[in-house]
Undergrad: 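Could you have a look at this structure, given as structure tokens, before my questions?
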Amino acid sequence: MMNKKLQVWLPLLFAAVMVLGMYFGYQLGGGNGKFFSSEKRNSLQEALDFIKLKYVDPVNVDSLETSAIEQMMSKLDPHSVYFPPVELKEANEDLEGKFEGGIGVEFNIFNDTVNIVFVMPGGPSDKAGIEVGDKILDVNGVSLVGDSLTSETIKNTVRGDRNSKADIRLLRGAKEMKLVVARGTIPVLSIDASFMMDQSTGYIKLNKFTESSYEEFMAALESLQKLGLKQLILDVRSNGGGYMDEAVDIADEFLDGDKLVVYTEGAHMKKREYKCKRDGLFEKGKLAVLVDENSASASEVLVGALQDWDRAMIIGRRTFGKGLVLQQYPLGDGSALRLTIARYYSPSG
């Protein structure tokens, strides 16, 4: 009796298992009706394979891939860019607000010689005894004197691994000296200047929006308030932008309530609003913002919000007009794409 029941139900059981297998196979195939199918290779991948396998001479495929990516990016907006591994570190340093392996000086090239024009207080060079006006002759035996000298050559020679030693031979007046500098982490400050112009008027010059810009701005603003700040001039001329979140946080210090600072939207990015979320340090005092044709991106986010809410007087020339949000995406070989993913809009739209 049991065998007859099993004979009746066994085909149904097999059919159910087959249906389930077909369903899961369909899902594993990406929903395209093909079991375990893989994504079709595109023409670019096929072309690279043919070149690699069939071309008459040996070819650097990495170089071809880099050229192909750069060509693709050139067809997009001018702000979407590709950074090869060798360029990515320097590109990131500009936004991170610091770089590793520096000695903490600024220099100019006068008459084929490196002249120190600024020494960062408390930095590696300051601790080693380097002074403004010193002339660097060589670093670790590599000469830095000559007509063909470039800023890039000097940076590559002076910088090194963090905590490594730079043996510097320099000229101070007519005296030749040797000093050893331990390279370290060097901040790239986004506040160029902060001071009181008179008893009540303060001035802050902001050159970019890095990871530390809001922190630097708050320190500068609090310092000026202790000196009697009643009205402020904020200078973002030639500020090409940076991190939008830093601009939003700075705008929050000037705007009250939960006012909208900016919103973003793109074809693959839903509308997102950025609003004020805290009591600001300077919501009531008079505010003027200086701009020019090189004030762009995050600078325009800040200025646009202050203008739309009638919070500040905007003085200068028409700004650059870069209403784009960029996101950086790392690639497997250490390179990266900095890609436009949305547009930003001021509170008025």
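What you are looking at is a predicted structure, and each value in this text was computed from that prediction instead of being measured.
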Undergrad: Return the minimal non-hydrogen interatomic distance between V262 and L260, and the atom names on each side.
TA: O-CD1, 3.4 Å

Undergrad: Atom CZ of residue position R343 - does it have more than 12 heavy atoms of other residues, nucleotides or ligands inside 6.0 Å?
TA: no

Undergrad: Kindly indicate whether the side chain of I186, heavy atoms from C-beta on, has any atom under 4.5 Å from the side chain of P124.
TA: yes

Undergrad: Can you list the steps and then say if E246 with T210 is a side chain to side chain contact (heavy atoms under 4.5 Å, CB included)?
TA: CA-CA 7 Å; E246 299 290 305; T210 69; over 6 Å; no

Undergrad: Once you round to the nearest 0.5 Å, how far does CG of N108 lie from CD1 of I154?
TA: 9.0 Å

Undergrad: Are the side chain of S80 and the backbone N or O of M73 linked by a donor-acceptor pair below 3.5 Å?
TA: no

Undergrad: Report yes if the distance between the aromatic ring centroids of Y243 and F209 is under 6.0 Å, otherwise no.
TA: no

Undergrad: Tell me whether V105 is reachable from L179 by hopping between hydrophobic residues (I, L, V, M, F, W, Y) whose side-chain heavy atoms are closer than 4.5 Å.
TA: yes

Undergrad: In the single-linkage hydrophobic clustering (I, L, V, M, F, W, Y; side-chain heavy atoms under 4.5 Å), do L326 and M72 co-cluster?
TA: no

Undergrad: Are the side chains of D245 and Y274 in contact, using a 4.5 Å heavy-atom criterion?
TA: yes

Undergrad: With a 6.0 Å cut-off (strictly less than), is the heavy-atom count around CG of N60, excluding the residue itself, greater than 12?
TA: yes

Undergrad: With the 4.5 Å side-chain cut-off for hydrophobic clustering, are V325 and V303 part of the same group?
TA: yes

Undergrad: Are the side chain of S212 and the backbone N or O of E215 linked by a donor-acceptor pair below 3.5 Å?
TA: no

Undergrad: When rounded to the nearest 0.5 angstrom, what distance separates OG in S238 from CD in E293?
TA: 7.0 Å

Undergrad: Could you list the residues that satisfy ring-ring contact (aromatic ring centres under 6.0 Å, His included) with Y55, not counting sequence neighbours?
TA: none

Undergrad: Any chain of hydrophobic side-chain contacts (each under 4.5 Å) joining I315 to L206?
TA: no

Undergrad: Tell me, please, which residues at least two apart from F282 pass ring-ring contact (aromatic ring centres under 6.0 Å, His included).
TA: none

Undergrad: Pairs under 3.5 angstrom only: tabulate donor-acceptor contacts from the side chains of residues 63-70 to other protein residues two or more places apart or in another chain.
TA:
from : atom 1 : to  : atom 2 : distance (Å)
T66  : OG1    : D62 : O      : 3.0
S67  : OG     : S63 : O      : 3.1

Undergrad: With a 3.5 Å cut-off and sequence neighbours excluded, list the donor-acceptor pairs that the side chains of residues 220-234 form with protein atoms.
TA:
from : atom 1 : to   : atom 2 : distance (Å)
Q225 : NE2    : L281 : O      : 2.9
Q231 : NE2    : T201 : OG1    : 2.8

Undergrad: The criterion is ring-ring contact (aromatic ring centres under 6.0 Å, His included); which residues satisfy it with F217, sequence neighbours excluded?
TA: F254

Undergrad: Is there a side chain to side chain contact (heavy atoms under 4.5 Å, CB included) between M177 and D134 once you walk through the steps?
TA: CA-CA 10 Å; M177 304 175 62; D134 288 347; 5.8 Å; no

Undergrad: Which atom pairs, donor and acceptor, lie under 3.5 Å between side-chain atoms of residues 109-120 and protein residues at least two apart or in another chain?
TA:
from : atom 1 : to   : atom 2 : distance (Å)
T113 : OG1    : N111 : O      : 3.3
N115 : ND2    : T113 : O      : 2.9

Undergrad: Using 0.5 Å steps for rounding, measure from the OH atom of Y82 to the OG atom of S74.
TA: 14.0 Å

Undergrad: Indicate the ring-plane relationship of Y263 and Y345, choosing parallel, tilted or perpendicular according to the 30° and 60° boundaries.
TA: parallel

Undergrad: When you measure from the side chain of D292 to the backbone of S295, do you find a donor-acceptor pair of N or O atoms at a distance under 3.5 Å?
TA: yes

Undergrad: Check whether any side-chain heavy atom of N156 sits under 4.5 Å from a side-chain heavy atom of E152, and report yes or no.
TA: yes

Undergrad: Taking K275 for its side chain and G257 for its backbone only, find out whether a donor-acceptor pair lies under 3.5 Å.
TA: no

Undergrad: Check whether any side-chain N or O of T340 sits under 3.5 Å from a backbone N or O of L324 as a donor-acceptor pair, and report yes or no.
TA: no

Undergrad: Where do K165 and A182 come nearest, in terms of heavy atoms and distance?
TA: NZ-CB, 3.7 Å

Undergrad: Keeping the roles fixed (side chain from Y344, backbone from S297), state whether a donor-acceptor pair exists under 3.5 Å.
TA: yes

Undergrad: Should F195 and V236 be counted in the same cluster of Ile, Leu, Val, Met, Phe, Trp and Tyr side chains packed under 4.5 Å apart?
TA: no

Undergrad: Supply the atom-to-atom distance I191 CD1 to I204 CD1, rounded to the nearest 0.5 angstrom.
TA: 6.0 Å

Undergrad: Check whether E216 reaches the backbone of S190 with its side chain - one donor and one acceptor, N or O, closer than 3.5 Å.
TA: yes

Undergrad: Hey, does V180 have a side-chain heavy atom less than 4.5 Å from the side chain of D167?
TA: yes

Undergrad: Using only atom types and a distance under 3.5 Å, with no angle test, would you say the side chain of W309 pairs donor to acceptor with the backbone of V261?
TA: no

Undergrad: Which pair of non-hydrogen atoms, one from V158 and one from L144, has the smallest distance, and what is that distance?
TA: CG2-CD1, 4.2 Å

Undergrad: Would you say the side chain of V61 lies within less than 4.5 Å of the side chain of I51, judging by non-hydrogen atoms?
TA: no

Undergrad: Would you say the side chain of V181 lies within less than 4.5 Å of the side chain of V139, judging by non-hydrogen atoms?
TA: no

Undergrad: How far does CZ of R317 sit from CG of L290, to the nearest 0.5 angstrom?
TA: 10.5 Å

Undergrad: Is it the case that more than 12 heavy atoms not belonging to R278 sit under 6.0 Å from its CZ atom?
TA: yes

Undergrad: Please name the pair of heavy atoms, one in E253 and one in D279, separated by the smallest distance, quoted to 0.1 Å.
TA: OE1-O, 4.3 Å

Undergrad: If you count every heavy atom of other residues, nucleotides or ligands that lies below 6.0 Å from M197 atom CE, does the total exceed 12?
TA: no

Undergrad: Could you tell me if the side chain of D192 sits less than 4.5 Å from the side chain of D235, heavy atoms only?
TA: no

Undergrad: Where do S335 and F83 come nearest, in terms of heavy atoms and distance?
TA: CB-O, 3.1 Å

Undergrad: With the side chain counted from C-beta on, respond yes when Q327 and L339 share a heavy-atom pair under 4.5 Å apart, and no when they do not.
TA: no

Undergrad: Measure across S164 and G160 and return the closest heavy-atom pair with its distance rounded to 0.1 Å.
TA: OG-C, 3.9 Å

Undergrad: Check for a donor-acceptor pair, side chain of D252 on one end and backbone N or O of K277 on the other, with a separation under 3.5 Å.
TA: yes

Undergrad: Rounded to the nearest 0.5 Å, what separates atom OG1 in T319 from atom CD in E300?
TA: 3.5 Å

Undergrad: When you measure from the side chain of R159 to the backbone N and O of R183, does any donor-acceptor pair fall under 3.5 Å?
TA: no

Undergrad: Hey, is CE on M313 packed in by over 12 heavy atoms from elsewhere, all under 6.0 Å?
TA: no

Undergrad: Verify side chain to side chain contact (heavy atoms under 4.5 Å, CB included) between K284 and D256, making sure each step is shown before the conclusion.
TA: CA-CA 9 Å; K284 300 298 182 184; D256 57 17; 4.2 Å; yes

